[in-house]
Each structure stands twice: as C-alpha cells, then as structure tokens.
Amino acid sequence: MSREAFASALLRWYESDGRRNLPWQTDRTPYRVWVSEIMLQQTQVGMAAGYYARFIARFPTVRDLGAAQLDEVLHLWSGLGYYARARNLQRAAQILVQHHRGEFPATLDEVMALPGIGRSTAGAILALSRGERHPILDGNVRRVLARYFAVDGFPGDAAVERRLWALAEECTPHSRVDEYTQGIMDLGATICTRTNPACLLCPVNPACEARRNDTQRLYPTPKSRKARPQREAWVVLARRGNKVLLERRPPSGIWGGLWGLPEFPTRQHAAQWCREHLVGSSALRPEEPLEHAFSHFDYEIKPLAVRCAGKAPALRDDDRYRWYDVEAPAAVGVPKPIATLLQRPQR
DNA sequence: AAACCGGGGGA
DNA sequence: TCCCCAGGTTT
C-alpha cells in the first residue's frame, strides 16, 4: 500500500471537496490555528464557529489573550466545557509574551512545551500555519488511518498509538502539508465518520484495508467503559433582589475557576453555612433537582432556595463570592447547568 | 445510554 | 508508563 498514493488521492479530493472557508482558515496565523485546534478538540465545527468568532474578536492576538483577565477568558469559554483548556490557553499566551516576544517558537519541541499543547496540536499548528511537515493524530486522523491500514487494538494502547503515529508520519507528504493536514481532518469529519462512513465517496477507498474487508465499522476499536457512579450535591440558591450569590470554584477539578453556587455534601451542611453566612435570611426551600451527565459520573444538583433581606447578608463581592445579576451577567465563567438553573423562572 | 476527545498529572 | 480526569454534543 503506497503512502504516496494515499497523500496524492487525498490532496486531489481536498481540492474539490475539502473545507476551505472555515473561520480559522482565513489568515492562518499560528495563534488563530492554535485557538481553533483547542476548541475543535472538544466541539464540532458548527458549535465551535460561534465561540471562535467571539473569542478572536475579544482576543485578536496572543498579547491580548495574555493580558486578559482569566474570568473573561472563562466567560467566553462557558458552555464549551474542559475549562482547564481555556486556562492552559491563557497561561501559554502569557509564556509566549514573556519568553517568545509574543510569537510562536520555531521548533516542534518548543511549541509542545507550552501548556495544553501536545504533539498533535503542535503538529497541526506548524503544518497549517507554516506549512512545515509534521504529522498530526487527532480523532479524525486516527480513525482514517486505523481503517485504511486496518490497525487492530484500541488506540489507548501504547503499541497501537505508536503504530498510528508511525503511519501518520509516513503518510504526510513533503509538499502541500497544510492542504494535506486539513484534508485528512476533513475526510475524517465528513466521509470517514465514526458511524456510517460514506465509503462510496471516499477518495482512498480502493486501497482501504477495512473497506476491502467490509470491516470499516470495526475501526478504531472502541475502548470499554464502566458504568457511571452517581454523585449528588446540595447547592444554595441565595437571592437578594435580582441577584444570586455565586462562589468561585477551586482552580482545578470540575468547572475549575468558574463561578457556581455554594455547594455542600448534605442539606445539613448547607443549612449550617446559611446560618453562619446569610444571617437573617428566610428558610431554605428545596427546588426541583437538576440532573447533569458527565462522561464519568452522573451529577444530581439539589438546589435550596433562600431569600436574603436587603441589608442582612454579611457577604460582599470579593475574590470568592459575588452577587451575580442574572439580567446583566458579569463577564465571568458559569458552567452550563448552573446557567440553566439561574435561568429558571422563579416561583 | 454510550461514545468521543488531546493533554495534564498522579500513581 | 499506565490510568484517570475533564464536560459538553452527537448518535
């Protein structure tokens, strides 16, 4: 099976059927490609476009991002999930400003040394923005190669991963690397899809090993997963006038650095906290619980509503707490389920 | 209900 | 080096 034939068929297909007008494809600077790659790690093109436009409008350059408030970065990331990626994005921007004059460094290793950028993302940045020859191995490419070369075993396995990287390297052409890189990602996203791949339309179908054996649905081998445990938390929905009391979450872990509702393991803990911090507030009134499914556990959020008198609360806005106006929200990060909860009509 | 995802970080 | 973690959408 010729690696050269693979690349040339792919490039021909990219000319006719590839995607060339995505928001990050105009003016492909390393910075713009970087932001798009991080967003696309967790969201498909359709969802990412709106987030990308708002993010780039607010932070047009590495320097703008590096100088930003983390709260505002997380605000523009809210709803995308994986907030550690937004934090890494900003940390890396600060490093670029402080140590690299706001430019991306010259070598793959230096790019990979930035937080949140691994081998695949570094390769994509340098290939797409500078046309340098580096392989990538994102989810799309992994699927295309696993099928084309009928690579057995699930990609989490180290030996399988090595094999896929080697194939990715061998297939990457010596010219038109940018088009090839975009093309193989497009092929995975539009033709060689996870379920129901459109093999009849595929430019490399004659030599695709999985296709020849009609086993394309078996690749890549999915990894098994255990049942999700159930977790629950009580949250205090303290209202004062039009505002709701939010607490900043710890910097790491679930929704790290975002603003959520004060959270407690039991109703008793919540009640105790209210007695201490919300002096003079009304009785706690349970509201309808909210279910949120993470990939590794189910989360049941049980709200306790409380109304605070105008002058009573001891809590003021500071680094940890803030009274959040739902009608005129501050530019801070709020996790999606919490935002949903805050939007509920008040009874 | 389950799969997916690139990289970070702890064991 | 292995294994778990993160969070939302798609299927």
Side-chain angles (χ1 to χ4, degrees), chain A residues 33-51 74 76-92 95 108-109 111-125 134-146 153-162 164-165 168 181 185 188-190 192-198 217-231 233 249-258 260 290-301 333-340:
Chain A
V33 170
W34 173 38
V35 172
S36 73
E37 286 298 316
I38 301 298
M39 284 189 177
L40 289 170
Q41 286 171 14
Q42 59 211 63
T43 303
Q44 296 196 345
V45 165
M47 277 288 298
Y51 281 91
L74 292 173
L76 288 169
W77 211 265
S78 288
L80 268 178
Y82 278 122
Y83 301 97
R85 293 176 183 179
R87 294 198 304 273
N88 282 335
L89 205 61
Q90 205 215 3
R91 268 182 60 214
I95 292 169
L108 186 75
D109 284 345
V111 175
M112 281 178 66
L114 295 164
I117 301 182
R119 184 173 174 191
S120 189
T121 304
I125 291 168
H134 302 288
I136 67 164
L137 193 63
D138 71 356
N140 287 316
V141 175
R142 183 176 285 115
R143 191 168 54 249
V144 169
L145 295 177
F154 73 81
D157 186 289
V160 174
E161 198 69 1
R162 267 199 306 280
L164 288 168
W165 270 111
T181 301
M185 291 193 291
T190 64
C192 196
T193 52
R194 186 156 64 86
T195 54
N196 293 322
R217 281 172 187 75
L218 302 182
Y219 298 95
T221 311
K223 70 174 136 187
S224 59
R225 233 176 251 264
K226 327 164 221 180
R228 279 195 302 255
Q230 177 89 28
R231 288 192 212 170
R249 299 183 58 90
S252 62
I254 291 169
W255 300 330
L258 277 71
L290 186 73
E291 296 283 350
H292 185 72
F294 291 104
S295 59
H296 48 304
F297 63 91
D298 287 324
Y299 199 45
E300 185 181 19
I301 302 169
V334 178
K336 195 150 224 184
I338 301 301
T340 302

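Quick note on labels: first sequence line is chain A, next is B, and so on, each numbered from 1. Model, not experiment: these values are computed from the prediction.
Rounding to the nearest 0.5 Å gives a distance of 6.5 Å between OG1 of Thr340(A) and CG of Leu290(A). Expressed to the nearest 0.5 Å, how far CG of Leu258(A) lies from NZ of Lys336(A) amounts to 13.0 Å. Note: Ile125(A) CD1 to Ser36(A) OG = 8.5 Å, rounded to the nearest 0.5 Å. To the nearest 0.5 Å, the span separating CD1 on Ile117(A) from CE on Met112(A) amounts to 10.0 Å.
Here, dG8(C) and dG9(B) have their C1' atoms 22 Å apart, quoted to the whole Å. Here, dT10(C) and dG7(B) have their P atoms 23 Å apart, quoted to the whole Å. dT9(C) and dG8(B) have their C1' atoms separated by 23 Å, with the value rounded to a whole Å. For the P atoms, the distance from dG7(C) to dG10(B) is 16 Å, rounded to whole Å. Atom P of dA6(C) sits at a distance of 14 Å from the matching atom of dA11(B), rounded to the whole Å.
Whole-Å rounding puts the Met39(A) CE to dT9(C) P distance at 14 Å. Here dA1(B) presents its P atom at 7 Å from CZ of Arg228(A), a figure rounded to the nearest Å. In this entry the distance linking CD1 of Ile301(A) with C1' of dG7(C) reads 12 Å, nearest Å. Between the P atom of dG7(C) and the CG atom of Leu290(A) lies a distance of 16 Å, rounded to the nearest Å. When the C1' atom of dC5(B) is taken as reference, atom CZ of Arg119(A) falls 18 Å away, rounded to whole Å. Between the CZ atom of Phe154(A) and the C1' atom of dC4(B) there is a distance of 14 Å, rounded to whole Å. Straight-line distance from the CZ atom of Arg142(A) to the P atom of dA3(B): 16 Å, rounded to whole Å. Rounded to an integer number of Å, the gap from CD of Gln42(A) to P of dG7(B) is 12 Å.
Nucleic acid contact for Arg87(A): none, since no nucleic acid atom lies under 4.0 Å from a heavy atom of the residue. Pro337(A) comes within contact range of the sugar-phosphate backbone alone, with a heavy-atom separation under 4.0 Å but no base atom that close.
Put simply, the side chain of Arg85(A) never gets that close to the backbone of Met39(A): no donor and acceptor are under 3.5 Å apart.
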Are any protein N/O atoms closer than 3.5 Å to N/O atoms in nucleotides 2-6 of chain C? If there are, list each pair with its distance.
unit_1	atom_1	unit_2	atom_2	d
dA6(C)	OP2	His296(A)	NE2	2.0

What N/O pairs connect the protein and nucleotides 8-11 of chain B at under 3.5 Å? Give each pair on its own line.
unit_1	atom_1	unit_2	atom_2	d
dG8(B)	OP1	Gly116(A)	N	2.6

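With dT9(C), dA3(B), dG6(B) as the candidates, the nucleotide lying closest to the side chain of Met47(A) is dT9(C). Side-chain proximity of Gln41(A) to dC4(B), dT10(C), dG6(B): nearest is dG6(B).
Looking only at side-chain heavy atoms (C-beta outward), Trp77(A) and Leu89(A) come within less than 4.5 Å of each other. Between Arg249(A) and Ile254(A) there is a side-chain heavy-atom pair separated by less than 4.5 Å.
Looking at residues two or more places apart in sequence or on another chain, you find a side chain to side chain contact (heavy atoms under 4.5 Å, CB included) between Val160(A) and Val151(A), Asp157(A), Leu164(A). Considering only residues two or more places apart in sequence or on other chains, Thr190(A) meets the side chain to side chain contact (heavy atoms under 4.5 Å, CB included) condition with Trp13(A), Arg19(A). By the side-chain hydrogen bond (donor to acceptor under 3.5 Å, both in side chains) test, Arg194(A) is found to be paired with no residue, residues two or more places apart in sequence or in another chain being considered.
Both tests pass for Arg231(A) against the ring of Phe297(A): distance under 6.0 Å to the centre and angle within 45° of the axis.
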Can you run through DNA chain B from 5' to 3' and write each base as (, ), [, ], | or . depending on how it pairs? Watson-Crick or G-U wobble, both distances under 3.5 Å. |||||.|||||
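Aromatic rings of Phe294(A) and Trp255(A) (six-membered ring for Trp) have centroids within the 6.0 Å cut-off, being under it.
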